[in-house]
Amino acid sequence: MTTTSAPSRTAALTRLLALPNFGPIAAIVIAVVFFAAQSDRFLTGGNFSLIVQQVMVVGTLAIGQTLIILTAGIDLSNGAVMALGNIAITKLAVDSGLPAPAAIALGLALTAGFGAANGALVSLLRLPPFIVTLGTYGIAFALTHIYSKEQTISGLPGALTFFGKTFPLGDTDITYGSVAMLALFAVAWYVLRQTAAGRHVYAVGNNPEAARLTGIDTRRVLLGVYTAAGLIYGLAALLLVARTGVGDPNAGQTDNLDSITAVVLGGTSLFGGRGSVIGTLLGALIVGIIRNGLQLMGVASIYQTLITGVLVIAAVAVDQFNRGRQK
């Protein structure tokens, strides 16, 4: 009879823990098992569809946040920029009478412009991303409330709420917005993992000076990343419009923090150069599953925030430990 030695078991465990996204996947499995034991309604197709709907806006924001964090930056403005795009799209379509495609295009251009401004300040003037995006957060927040005059925009044309519509998949209704979010994750994964531009993003985040010495235009990479992130925030604004059916100037006030939470829980390093958008998707689902499960259990929302905060600190601590071990 052959027995496995302790070193062999330790090595196997180490390899298992080193697998990509093992931590987030394990967290999801544990959460699903726990909440399934607490509520009969949890393990239903309708409930899982609801979870994805609830995370589709923050999940989309988190794609842009992932791109920026991979370059060792951070974006505190994304929720406010999304809210501004949300108001711009709806007011242009309702108050100005523009066709929905034109209103959407102008809204996306606006959010991409904010991203480009962030990127220019970070890459050309070499200002800290934290300070830059904190400033643009305030600007976007103020412009949203000035432009909207604190009014919610209703009576939207059907084209703006298309992604909020559903189609049947078996016995479950799935929103087009959920599919759109997953498609965006797939595109982001392909660009980061299968293209030269994606490899440059990782290189800049890992060691910008070494990337520059190999011929990578680090300033162009940063400008492109922040601009692309701004465009993605505009797409998140469109999904928000479709989900809520209105233009809400108060939307997205904490979504910047929620997007960072999804990125961190998904295993992307806040120090840059390591992580993936697939991990970010898993991180967003972790938050969605925990909040949904606790709601089904009747737990007050303040405890949902408490638990999420603990998970974020734990994830950052693990990342810090891994970095220290690799040195």
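We number each residue from 1, following the sequence as shown.
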- Task: Spell out, yes or no, whether Ile69 and Val191 are grouped together once hydrophobic residues are joined by side-chain heavy atoms under 4.5 Å, including indirect joins.
- Result: no
- Item | Sidechain-backbone polar pair: Ser276 side chain, Gly279 backbone, donor-acceptor under 3.5 Å | yes
- If you take all heavy atoms of Ala188 and Ile63, which pair is closest and at what distance? CB-CG2, 3.8 Å
- Message: Using side-chain heavy atoms (C-beta onward) and a distance below 4.5 Å, is Leu124 in contact with Arg219?
- Response: yes
- Message: Nearest 0.5 Å, please: how far is CG in Leu110 from CG in Leu106?
- Response: 9.0 Å
- Considering all heavy atoms of both residues, which atom of Leu239 and which atom of Ala180 are nearest to each other, and what is their separation? CD2-CB, 4.3 Å
- Task: Applying side-chain contact (heavy atoms from CB on, under 4.5 Å), name anything that partners Ala203, two or more places apart in sequence or on another chain.
- Result: Ala211, Ile216
- Item | Atom pair OG1 (Thr133) and CD1 (Ile68), whose distance is rounded to the nearest 0.5 Å | 7.5 Å
- Query: side chain to side chain contact (heavy atoms under 4.5 Å, CB included) with Gln65: which of Ile74, Thr261, Ile232, Thr268?
  - Reply: Ile74
- Query: Looking at Arg243 and Asp248, does any basic side-chain N land under 4.0 Å from a carboxylate oxygen?
  - Reply: no
- Query: Are any side-chain N or O atoms of Ser39 and backbone N or O atoms of Phe35, one a donor and one an acceptor, separated by less than 3.5 Å?
  - Reply: no
- Message: I'd like to check Tyr226 versus Pro129 (side-chain heavy atoms, cut-off strictly below 4.5 Å). Are they in contact?
- Response: yes
- Item | Ile313-Val287 co-clustered via ILVMFWY side chain contacts under 4.5 Å | no
- Item | From CD1 (Ile51) to CG (Leu285), nearest 0.5 Å | 8.0 Å
- Message: Can you tell me if Tyr147 has over 12 outside heavy atoms packed within less than 6.0 Å of its OH?
- Response: yes
- Message: Strictly distance-based, threshold 3.5 Å: is any side-chain N or O of Ser148 a donor or acceptor partner for the main-chain N or O of Thr144?
- Response: yes
- Hydrophobic cluster identity match, Ile30 and Leu294, side-chain contacts under 4.5 Å: no
- Task: May I ask you to decide if Val132's main-chain N or O and Thr136's side chain share a donor-acceptor pair within less than 3.5 Å?
- Result: yes
- Query: Do Ser259 and Asn78 have side-chain atoms, one donor and one acceptor, less than 3.5 Å apart?
  - Reply: yes
- Message: In the structure I gave you, are the side-chain heavy atoms of Thr71 and Val201 within less than 4.5 Å of one another anywhere?
- Response: yes
- Item | Distance (rounded to the nearest 0.5 Å) between Leu281 CG and Thr60 OG1 | 10.0 Å
- Item | side chain to side chain contact (heavy atoms under 4.5 Å, CB included) assessment of Met82 paired with Asp255 | CA-CA 9 Å; Met82 177 189 70; Asp255 283 354; 3.3 Å; yes
- Please examine the side chains of Gln54 and Asn292, heavy atoms only from C-beta on, and report whether any two atoms are closer than 4.5 Å. yes
- Task: Would you please indicate yes or no on a ring centroid separation below 6.0 angstrom for Phe163 and Tyr176?
- Result: no
- Task: Verify whether one side chain among Thr308 and Gln304 offers a donor that lies under 3.5 Å from an acceptor in the other.
- Result: no
- Would you give the length of the straight line joining atom NZ of Lys91 to atom CG of Asn86, rounded to the nearest 0.5 angstrom? 12.0 Å
- Applying the side chain to side chain contact (heavy atoms under 4.5 Å, CB included) test to Val57, which of Asp258, Val241, Leu235, Leu240 qualifies? Leu240
- Query: Shared ILVMFWY cluster between Val277 and Val58, side chains joined below 4.5 angstrom?
  - Reply: no
- Is there a donor-acceptor pair closer than 3.5 Å between any side-chain N or O of Thr227 and the backbone N or O of Gly224? no
- Please test Gln194 against Trp189 for side chain to side chain contact (heavy atoms under 4.5 Å, CB included), starting from the C-alpha separation and ending with a verdict. CA-CA 8 Å; Gln194 305 296 324; Trp189 174 86; 3.8 Å; yes
- Query: Does the side chain of Glu209 come within less than 4.5 Å of Asn207's, by heavy atoms?
  - Reply: yes
- Task: For the residue pair Leu143 and Phe114, establish whether any side-chain heavy-atom pair is separated by less than 4.5 Å.
- Result: yes
- State, to 0.1 Å, how close Gly283 and Leu265 come at their nearest heavy-atom pair, and which atoms those are. CA-CB, 4.0 Å
- Query: Got a sec: does the CD1 of Ile302 have more than 12 other heavy atoms crowding it under 6.0 Å?
  - Reply: no
- Query: Out of curiosity, does Leu257 fall in the hydrophobic cluster containing Leu67 (side-chain heavy atoms, cut-off under 4.5 Å, transitive links)?
  - Reply: no
- Query: Which heavy-atom pair separates Met181 from Met56 by the least distance, and what is that distance?
  - Reply: SD-CA, 3.2 Å
- Does any non-hydrogen side-chain atom of Val122 lie less than 4.5 Å from one of Arg126? no
- Decide if the gap between the ring center of Phe42 and the ring center of Phe48 is smaller than 6.0 angstrom. yes
- Task: Start with the C-alpha distance between Leu238 and Ile104, add both sets of side-chain angles, then the distance that settles side chain to side chain contact (heavy atoms under 4.5 Å, CB included), and finish with yes or no.
- Result: CA-CA 8 Å; Leu238 182 59; Ile104 292 171; 3.9 Å; yes
- Grab the two heavy atoms, one from Val312 and one from Val264, that are nearest each other, plus how far apart they are. O-CG1, 4.0 Å
- Item | His145 and Phe141 aromatic ring geometry - parallel, tilted or perpendicular at 30°/60° bounds | tilted
- Query: CG of Leu296 to CG of Asn47: how many Å apart, nearest 0.5 Å?
  - Reply: 5.0 Å
- Message: Between Asn256 and Leu76 (side chain of the first, backbone of the second, donor and acceptor by atom type, cut-off under 3.5 Å), is there such a pair?
- Response: yes
- Do Thr111 side-chain atoms and Gly230 backbone N/O form a donor-acceptor pair below 3.5 Å? yes
- Query: Is it the case that Thr280 and Thr66 place a side-chain donor and acceptor less than 3.5 Å from each other?
  - Reply: yes
- Query: Hey, does the side chain of Ser49 reach the backbone of Asp173 with a donor-acceptor pair shorter than 3.5 angstrom?
  - Reply: yes
- Query: Closest approach of Val55 and Gly288, non-hydrogen atoms and distance?
  - Reply: CG1-CA, 3.6 Å
- Task: Using distance alone, with no hydrogens and no angle criterion, decide if Tyr233 and Asp75 have a side-chain donor and acceptor under 3.5 Å apart.
- Result: yes
- Query: Taking side chain as C-beta onward, heavy atoms only, is Leu311 less than 4.5 Å from Ile290?
  - Reply: yes
